[in-house]
Amino acid sequence: MTQAAGLRTHYNGDLRTDHVGQQVSVVGWVAKRREHGEHLAFVDLRDHTGVVQCVVPGSVDVRSEYVVRITGTVKNRLEGTVNTKLATGEIEVQDCEVEVLSVAEPPPFPMDGRADDVDEMVRLRYRYLDLRRERMQRNLRVRAKVNSAIRRAMEDQGFIEVETPMLMPSTPEGAREFLVPSRQSPGDFYALPQSPQLYKQLLMVGGTDRYFQIARCLRDEDLRADRQYEFMQLDAEASFVTQDDVLAFISEAVMAAAEAVTGERPPEIEQITWHDAMDRYGIDKPDLRFGMELVELTPIFADTGFNAFKAPSIKGIKVDGAAADYGRNKLDGLTDRAKSLGAKGLVWMKVEDGGVLTSPVAKFLSEAEQAGLVAAFGAEAGDLLLIVADEWHQTCEVLGTLRNDVGRPPVHEGPYRYVWVIDFPMFVGQDDEGNPKPGHHPFTHPHPEDMDKLESDPMAVRSLAYDLVLNGWELGSGSIRIHEPELQSRIFRLLGISQEEADKRFGFFLTPFRYGAPPHGGFAFGIDRLTAILAGEENIREVIAFPKPQSGTDPMTDAPTAVDPAQLADLGLRLLPKKSS
RNA sequence: GGUCCCGUGGUGCAGUUUGGAGUGCACGCCGGCCUGUCAAGCCGGAGGUCGCGGGUUCAAAUCCCGUCGGGACCGCCA
């Protein structure tokens, strides 16, 4: 409870029967006025702590959202007028005098739960009003608790907070950057940090040992429910540590944040390898809140006569009791979805009594194969089976997406299921020139057990990279970094990056490693995402004071805006004509 | 760049399938009444370029084309 001062003696939501008899002054916004003729009026007064009812012995000229100071005496409510919906509902402030501090126009939407249904653009245009609402104030305070708990947890583990520059050189790997033109060096640009990645590694070279920062990151990529242009990360890096050390540090910060919000410390965060995550859940950010794991079917069809199942990997998922819920339309929808994900097709089967399978393709399967399916799935009458046959990765990915489509609850619904995904592949896919692409980033240390496969079988090499996942959302990722210049050169060679090119692109970053770099590793996770889930929100915009909609424009400030030609001239910039189609 | 959904007084909706006068509901707003209400109650009232543009039609919120805005997702986010 905060000590009240200034114009008020108490916060509205704090008043209880303990205060009965006290003369109090409370301030805030008029949530509601109810007049009963010239002798009695009620004013519900709201601040961020709650609402208290004030009784005025006469009429009172206030409207919704007027800012007022009310002075009166706390009394028990009359018999039968207690309001159990209010925390302050056993008392009221009586014999009130009302002093108007600010008048207000009628707000465009109500400052209560009904505004949850209002068009988000309207809420964002009047965000300063939206923020008055209990939900928004709660979310801001959840966020503050998360930040505070993280900071404390990191400091308790010997990390120090260091700020890094917002204006840095462009390093056009990964996410698209926001650029900032330089006035003193016309035609040149800074970039805003996608993350403090490079600086924090240099802090390790600089002997900082354990660094963290609650860092703002900026990425000029399309916005989503879980993505804003600018977002906050707990960014951390430590020297002379193993992967397990890093996981422990970050687990501690996340669990401390969760405990600060929910009052309950999560159990130790389990781990799963990337391969197992893909194999069992078909995705590298598995949602462990529900089962429906991918079932291995490949051996059943080793000698099949069904052409569609002559594939390297056949897997399926079982949707319990869903056969009756999925008519032809929905099944066609799932098939289209599978195809749009790159599958050649989707086989569905409905399980009838006695293990009989109903499916357009059942007639192509032998009795042994059908029996094998029922056994492998543990299928019972009424279940729906969805089966994909393809390359292993493709099979897993398609089924993983269908599993989420069919079974995944909203992200904010409990329970909280954290999981570390470890042993990510070092390389993922190929670039246009046929070189392997880094799965994490080009400074990630290969898994020590796979060093001998770097050149001979690069796609089989694991890395010391790891992700933290909560309820199917990727909270963040990290890795043990390469600290040996020779190994770094070897990785660049594999990626098809020449030494000259590497020096040009990352010179300022690579040179320091020639002067004695400690082994180090780190992590960064998204505070917006963690906060949203802990606050019970499924969109990070709800836990950001002033977010932007998908267009990236701000309906409140109209940013981005055109600027004065003189400003452009100062920067040595001239605009091209706008594209017209 | 793509797919799908949405756009009707200040707010939330119905009306669109099957074209027929801006018709309706709830909240809010304005005025009146009301001495125990509490997202009060009763009476009265104001408030609309049906996102915008074009087309079809005797007639368009409704059908067609385009466009703008918003949302979810794919691509993208090392």
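Every chain is numbered from 1, with letters handed out A, B, ... down the list of sequences. FYI, side chains are in, hydrogens and waters are out, and symmetry mates aren't considered; it's all heavy atoms of this structure.
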> A/M459 and A/P436: which non-hydrogen atoms are nearest, and at how many Å?
Replying inline: SD-CB, 4.1 Å

> If you measure from the ring centre of A/H36 to the centre of the six-membered ring in the base of B/rA40, is it under 5.5 Å, with the planes under 30° apart?
Replying inline: yes

>> Could you work out, with ring-ring contact (aromatic ring centres under 6.0 Å, His included) as the rule, every residue matching A/Y229, not counting sequence neighbours?
In response: A/F178

> For the residue pair A/I491 and A/M426, what are the closest heavy atoms and their distance?
Replying inline: CD1-CE, 3.7 Å

>> Using the C1' atom as the point on both nucleotides, what is the distance between B/rA46 and B/rG9, in whole Å?
In response: 10 Å

>> Rounded to whole Å, please give me the gap between CG in A/N83 and P in B/rA39.
In response: 6 Å

>> Using a 4.0 Å cut-off on heavy atoms, which residues in residues 459-469 of chain A reach RNA chain B? List them by number, or say none.
In response: none

> Taking NZ, NE, NH1 and NH2 as the nitrogens, is one of them in A/R403 or A/D287 under 4.0 Å from a carboxylate oxygen of the other?
Replying inline: no

> Run the side-chain contact (heavy atoms from CB on, under 4.5 Å) check on A/K437 and A/L495 step by step: do they pass?
Replying inline: CA-CA 6 Å; A/K437 293 193 291 186; A/L495 297 172; 5.9 Å; no

>> Over all strands shown, is A/G89 touching base, sugar-phosphate only, or nothing at heavy-atom distances under 4.0 angstrom?
In response: nothing

> What is the nucleic acid contact for A/Q197, judged by heavy atoms within less than 4.0 Å: base, sugar-phosphate only, or nothing?
Replying inline: base

>> Please enumerate all residues that pass ring-ring contact (aromatic ring centres under 6.0 Å, His included) together with A/H393, with sequence neighbours excluded.
In response: none

>> Heavy atoms from C-beta onward define the side chain here; which of B/rG36, B/rC77, B/rC76 lies closest to that of A/V55?
In response: B/rG36

> A/L129 CG to B/rG10 P: how many Å, rounded?
Replying inline: 17 Å

Heteroatom pairs (N/O) under 3.5 angstrom, protein to nucleotides 4-7 of chain B:
none

> In whole Å, what separates the C1' atom of B/rU62 from that of B/rU56?
Replying inline: 13 Å

>> Counting only heavy atoms and a strict 4.0 angstrom limit, can you tell me which residues of residues 37-50 of chain A come near RNA chain B?
In response: A/G37, A/H39, A/L40, A/F42, A/D44

> Starting at the 5' end of RNA chain B and moving along, which residue's nearest nucleotide shows up first, A/F443 or A/D117?
Replying inline: A/D117

> Between A/R219 and A/V118, which is nearer to the 5' end of RNA chain B once each is assigned its nearest nucleotide?
Replying inline: A/V118

> How would you list all residue pairs meeting ring pair (Phe, Tyr, Trp, His ring centres under 6.0 Å) that involve residues 108-131 of chain A, not counting sequence neighbours?
Replying inline: none

>> Can you tell me if A/R34 touches the phosphate of B/rU37, counting only side-chain N or O atoms and a distance under 4.0 Å to OP1 or OP2?
In response: no

>> When you compare the side chains of A/E484 and A/Q488, does any donor N or O come within less than 3.5 Å of an acceptor on the partner?
In response: no

>> What's A/D222 touching, base or sugar-phosphate or nothing? Going by heavy atoms closer than 4.0 Å.
In response: base

> A/L341 has an atom CG; how far is it from atom C1' of B/rG2, in whole Å?
Replying inline: 14 Å

> Any donor-acceptor pair under 3.5 Å between the side chain of A/R77 and the base of B/rU37?
Replying inline: yes

> In whole angstroms, how far is the P atom of B/rC73 from the CG atom of A/L402?
Replying inline: 17 Å

>> Taking pairing as Watson-Crick or G-U wobble with both contacts under 3.5 Å, can you name the mate of B/rC4, or confirm there isn't one?
In response: B/rG71

> When rounded to the nearest Å, what value does the distance between C1' atoms of B/rC50 and B/rA14 take?
Replying inline: 13 Å

> Can you list, by residue number, the residues of residues 224-234 of chain A that have a non-hydrogen atom closer than 4.0 angstrom to RNA chain B?
Replying inline: A/R224, A/A225, A/R227

> Can A/R123 and A/D119 be counted as an ion pair, charged N to O under 4.0 angstrom?
Replying inline: no

> So is A/R505 actually on top of A/F492's ring, under 6.0 Å and inside 45° of the axis?
Replying inline: no

>> Could you work out, with side chain to side chain donor-acceptor pair (under 3.5 Å) as the rule, every residue matching A/R33, not counting sequence neighbours?
In response: none

> Expressed in whole Å, how much space separates the C1' atoms belonging to B/rG45 and B/rG28?
Replying inline: 14 Å

Output one line per pair: protein atom, nucleotide atom from nucleotides 25-29 of chain B, and distance, for all N/O pairs under 3.5 Å.
residue: B/rC27; atom: O2'; partner: A/R114; partner atom: NH1; Å: 3.0

> What does B/rA59 pair with, Watson-Crick or G-U, if both distances are under 3.5 Å?
Replying inline: none

>> So if I take every side-chain heavy atom of A/R337 and compare against B/rC73, B/rC38, B/rC77, which nucleotide ends up nearest?
In response: B/rC73

> Which nucleotide, in any strand shown, forms a Watson-Crick or G-U wobble pair with B/rG66, with both distances under 3.5 Å?
Replying inline: B/rC52

>> Once you apply a heavy-atom cut-off of 4.0 Å, does A/K437 come out as touching a base, just sugar-phosphate, or nothing?
In response: nothing

> What is the distance, rounded to the nearest whole Å, between atom CG of A/D61 and atom C1' of B/rC30?
Replying inline: 13 Å

> If the C1' atom of B/rU57 is compared with that of B/rC65, how far apart are they to the nearest Å?
Replying inline: 16 Å

> Does any N or O donor sit under 3.5 Å from an N or O acceptor when you compare the side chain of A/E35 with the base of B/rU37?
Replying inline: no

> Which value, in whole Å, describes the distance between the P atoms of nucleotides B/rC6 and B/rC63?
Replying inline: 11 Å

> Hey, does A/E92 reach any base, or is it just sugar-phosphate, or nothing, if we go heavy atoms under 4.0 Å?
Replying inline: base

> Should the pair A/D450-A/K453 be classified as a salt bridge under the 4.0 Å nitrogen-to-oxygen rule?
Replying inline: yes

> A/V20 versus A/I91: any side-chain heavy-atom pair under 4.5 Å?
Replying inline: yes

> Which atom names give the shortest non-hydrogen contact between A/R133 and A/G113, and what distance separates them?
Replying inline: NH1-CA, 4.3 Å

> Would you say the side chains of A/Q213 and A/Y211 form a donor-acceptor pair under 3.5 Å?
Replying inline: yes

>> Give me the distance, rounded to whole Å, that separates B/rC76 from B/rG15 when you measure between the C1' atoms they each carry.
In response: 40 Å

>> For a 4.5 angstrom cut-off between non-hydrogen side-chain atoms, does A/K548 reach A/R541?
In response: no

>> With a sphere of 6.0 Å drawn around CD of A/E413, does it hold more than 12 non-hydrogen atoms of other residues, nucleotides or ligands?
In response: yes

> What residue pairs, at least two apart or across chains, pass ring pair (Phe, Tyr, Trp, His ring centres under 6.0 Å) with a residue in residues 47-79 of chain A?
Replying inline: A/Y11-A/H48

> Aromatic ring centroids of A/W473 and A/Y418 under 6.0 Å?
Replying inline: no

> What's the shortest heavy-atom distance between A/R481 and A/H445, and which atoms?
Replying inline: O-CD2, 3.5 Å

>> According to ring-ring contact (aromatic ring centres under 6.0 Å, His included), who are the partners of A/H10, at least two apart in sequence or on a separate chain?
In response: A/H19

> In this structure, are over 12 heavy atoms from other groups packed under 6.0 Å from A/E90 atom CD?
Replying inline: no

> Using the P atom in both, what is the distance from B/rG24 to B/rG19, to the nearest Å?
Replying inline: 22 Å

> When you check every protein heavy atom under 4.0 Å of nucleotides 66-71 of chain B, what one-letter string (B, S, -) results, 5' to 3'?
Replying inline: ----SB

> When the distance from CG of A/L223 to C1' of B/rC77 is rounded to whole Å, what number comes out?
Replying inline: 11 Å

